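Residue numbering restarts at 1 for every chain, and letters A, B, ... go by the order of the sequence lines. This structure is a prediction, so every number in the text was calculated from the model and none was measured.
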2 protein chains.
Amino acid sequence: MSSRNESIIERLCIDHGLKMTGQRRVIAKVLSEAEDHPDVEELYRRASSLDRRISIATVYRTVRLLEEKGILERRNFGGNRARYEASEPEDHRHYHIIDIDTGHVVEFEDAAHRDMIRDIAEKLGFDLVSHRLELFGRRIPASGRKKQSGETI
Amino acid sequence: MSSRNESIIERLCIDHGLKMTGQRRVIAKVLSEAEDHPDVEELYRRASSLDRRISIATVYRTVRLLEEKGILERRNFGGNRARYEASEPEDHRHYHIIDIDTGHVVEFEDAAHRDMIRDIAEKLGFDLVSHRLELFGRRIPASGRKKQSGETI
DNA sequence: CTACTTGCAAATCCTTTGCAACGTT
DNA sequence: AACGTTGCAAAGGATTTGCAAGTAG
């Protein structure tokens, strides 16, 4: 093995031929461990707590770079700030529904939806390259509803 | 009739109890006549050409107000600027597919899609309040494809 | 060694806002 | 007359960038 404790995203950076600086390694680790959808400010906070020598400009530069490489996905859940999360393999991409009362985000996958929009695009004469879907809703206070999994901010 | 040549959006403003200033009347007219998805800069340009006494601050204030009233919809097609278009009645809402090579926008309606996401939200325990869907694609150079209608920027 | 990366602060882009003057109801 | 609206310029928030110094490959 190369170096120990290499994060998933660090691995991807290396595979993409990126120079691995200390800062990038820390940011890659933070991103790899994130289970939510942090914005740059939050990434900066988490990275700073691991290594104080990181500037927010570097965080901006890094998420931008990783997004261009397809390693990260940028999301917009309604606020003004962009949120980030690791890309998933084509067949595991997920969507988000945002609770408009709390801001909480629930992820879901839906292959049928994916097929539907591919067909829609095709009927319109397009090859679908990418798409965005966000749902905004309000929790139904269903008496016996199971606790929702995959809920984050 | 009240006053002549009242634009659709001016009518809506009045119905919502908004004070109709000269500036608002002009902006309402520009919005009513727009067949595309102008950003604030473009609305300002069009309004200015009708009446030089309009500031861009007023355009910003007006689109914001009309969006809050539900008269306008704000869109985001990938650039940094917000785009606007008149709201449509619930049962005629449409989506957009953006040609990633040219930036051109094609609108489409799809009731089946609407039903699908309502069901998805419900399964997740949510009442669907609103949603966003944008498709990004590349024109299929289909030999005999009919000229696409509803194509704007 | 060379080319890429960083920190810092200044700059940029889009949008909002304070304030005094003005216009609509 | 009362209160909402406007123009102007300044303020704001998020993100980018110029530059000199630092560092990975």
Side-chain angles (χ1 to χ4, degrees), chain A residues 2-3 6 9-30 37-45 47-48 50-69 71-84, chain B residues 2-3 6 9-11 13-31 37-45 47-48 50-69 71-84:
Chain A
S2 41
S3 75
E6 168 194 273
I9 291 192
E10 178 176 350
R11 176 77 261 153
L12 292 169
C13 290
I14 294 167
D15 293 348
H16 283 263
L18 300 180
K19 238 179 228 187
M20 287 315 293
T21 64
Q23 290 89 328
R24 281 193 187 158
R25 232 182 297 275
V26 170
I27 296 169
K29 181 168 153 71
V30 166
H37 309 85
D39 58 28
V40 168
E41 205 81 47
E42 178 62 21
L43 289 171
Y44 174 55
R45 239 174 268 129
S48 290
L50 296 182
D51 181 339
R52 203 54 59 77
R53 297 167 305 180
I54 290 178
S55 78
I56 197 163
T58 294
V59 180
Y60 272 109
R61 281 192 270 237
T62 304
V63 293
R64 185 183 232 253
L65 178 68
L66 300 207
E67 198 211 338
E68 282 163 4
K69 295 292 184 190
I71 297 173
L72 286 187
E73 304 269 345
R74 186 210 314 241
R75 305 286 184 192
N76 179 280
F77 293 158
N80 339 297
R81 337 157 95 83
R83 310 247 205 143
Y84 294 88
Chain B
S2 40
S3 75
E6 167 193 272
I9 290 192
E10 178 175 352
R11 175 78 260 152
C13 289
I14 294 168
D15 293 348
H16 282 263
L18 300 180
K19 236 180 229 187
M20 286 317 293
T21 64
Q23 290 90 328
R24 282 193 186 157
R25 230 181 298 274
V26 170
I27 297 169
K29 181 170 153 73
V30 166
L31 286 165
H37 309 83
D39 58 28
V40 168
E41 206 81 49
E42 178 61 22
L43 290 171
Y44 175 56
R45 241 174 265 130
S48 291
L50 296 182
D51 182 340
R52 205 52 60 75
R53 296 168 305 180
I54 289 178
S55 79
I56 196 164
T58 294
V59 180
Y60 272 110
R61 281 193 269 236
T62 303
V63 293
R64 185 182 230 250
L65 178 69
L66 301 208
E67 199 210 338
E68 282 163 3
K69 295 294 185 186
I71 297 173
L72 287 187
E73 304 269 346
R74 186 208 315 239
R75 306 287 183 191
N76 179 278
F77 292 158
N80 335 300
R81 338 157 94 81
R83 311 253 204 134
Y84 293 89

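- B/Gln23 pairs by the side-chain hydrogen bond (donor to acceptor under 3.5 Å, both in side chains) definition with nothing, not counting sequence neighbours.
- By the side-chain hydrogen bond (donor to acceptor under 3.5 Å, both in side chains) test, B/Ser55 is found to be paired with B/Thr58, residues two or more places apart in sequence or in another chain being considered.
- In this structure, A/Ile56 places its CD1 atom 12 Å from C1' of D/dT16, rounding to the nearest Å.
- Across the interface with DNA chain C, nearest-nucleotide mapping of B/Gly22 and B/Ala57 shows B/Ala57 to be the residue nearer the 5′ end.
- For D/dG7, one of the phosphate oxygens OP1 or OP2 lies less than 4.0 angstrom from a side-chain nitrogen or oxygen of B/Gln23.
- Separating the OH atom of A/Tyr44 from the C1' atom of D/dA14 is a distance of 15 Å, rounded to the nearest angstrom.
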From CA spacing to verdict: side chain to side chain contact (heavy atoms under 4.5 Å, CB included), B/Val40, B/Tyr84: CA-CA 8 Å; B/Val40 168; B/Tyr84 293 89; 3.9 Å; yes

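- A/Asp15 is linked by a side-chain hydrogen bond (donor to acceptor under 3.5 Å, both in side chains) to A/Arg11, counting only residues two or more places apart in sequence or in another chain.
- Comparing the axis of the opening five pairs of the helix from C/dC1-D/dG25 to C/dT25-D/dA1 with that of the closing five pairs yields an angle of 40°, rounded to 10°.
- Atom P of nucleotide D/dA14 and atom OH of A/Tyr84 are separated by 13 Å, given to the nearest angstrom.
- The distance from the CG atom of A/Leu18 to the CD1 atom of A/Ile9 is 11.5 Å, given to the nearest 0.5 Å.
- Counting heavy-atom neighbours within 6.0 Å of B/Arg53 CZ, excluding the residue itself, gives a total of 12 or less.
- Within residues 58-68 of chain B, the residues approaching DNA chain C are B/Tyr60, B/Arg61, B/Arg64, by heavy-atom distance under 4.0 Å.
- At whole-Å resolution of the value, CG in A/Leu43 and P in D/dA14 are 14 Å apart.
- Closest approach of A/Ile27 and A/Ala47 over heavy atoms only: CG1-CB, 4.3 Å.
- With rounding to whole Å, A/Asp39 atom CG is found 15 Å from D/dG13 atom P.
- Each of B/Thr21 and B/Asn80 lies near DNA chain C, and the nucleotide nearest B/Asn80 is the one positioned closer to the 5' end.
- The distance between atom CZ of A/Arg81 and atom P of D/dG12, rounded to the nearest whole Å, is 16 Å.
- For DNA chain C, the outermost nucleotides in 5' to 3' order that have an atom under 4.0 Å from a heavy atom of chain A are C/dA3 to C/dC8.
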